[in-house]
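Here's the structure, in structure tokens; my notes come after.
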Amino acid sequence: KKLSLVYHPDKTAGMGAEQKEEYAAIFIELKNAYLTLSDNPTRRQYDRERDRDKASFEINGFKPKTRAHFDASEVLKKLQEMQKP
């Protein structure tokens, strides 16, 4: 929730268009992650698919689906550097 306040579209006034688009994309990812994790049936489905992919790899040797890596600490460091005078 805290990150969504940082990346909220209303908080991007005075930024360049490219940076606004980047913030909007991150905000949407955060919103979707929150919706997935806060809804129990959806969260169970997410966990079940993740566990199924891992088991399939261990049993059959299929590679599990990879998801894009998102590291919030890197984003926060960039934000702190941008806010320095």
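Numbers here are sequence positions counted from 1. Note that this is a predicted model, so its numbers are computed, not measured.
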What's the separation between atom [atom1] in [X] and atom [atom2] in [Y], rounded to the nearest 0.5 Å?
X	Y	atom1	atom2	result
L35	K31	CG	NZ	6.5 Å
E29	S4	CD	OG	13.5 Å
D39	Y34	CG	OH	11.0 Å

request  = For the residue pair P9 and Y23, establish whether any side-chain heavy-atom pair is separated by less than 4.5 Å.
outcome  =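 No; the side chains remain at least 4.5 Å from each other.
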
message = Holding to side chain to side chain contact (heavy atoms under 4.5 Å, CB included), I want the full list of residues that pass it with K78, two or more places apart in sequence or in another chain.
response =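 Testing K78 for side chain to side chain contact (heavy atoms under 4.5 Å, CB included), a comparison that skips the adjacent residues, returns none.
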
ask   = For E21, which residues count as a side chain to side chain contact (heavy atoms under 4.5 Å, CB included) partner, sequence neighbours excluded?
value =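 Not a single residue meets the side chain to side chain contact (heavy atoms under 4.5 Å, CB included) criterion with E21.
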
Least distance between heavy atoms, M15 atom then K20 atom =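 Closest approach of M15 to K20: O-CE, 3.5 Å.
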
query = Yes or no on side chain to side chain contact (heavy atoms under 4.5 Å, CB included) for K2 and V6, after CA distance, side-chain angles and deciding distance?
reply = CA-CA 7 Å; K2 290 180 183 180; V6 172; over 6 Å; no

inquiry  = Applying side chain to side chain donor-acceptor pair (under 3.5 Å), can you list everything that pairs with Q45, at least two apart in sequence or on another chain?
reply    =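 Residues passing side chain to side chain donor-acceptor pair (under 3.5 Å) with Q45: E49.
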
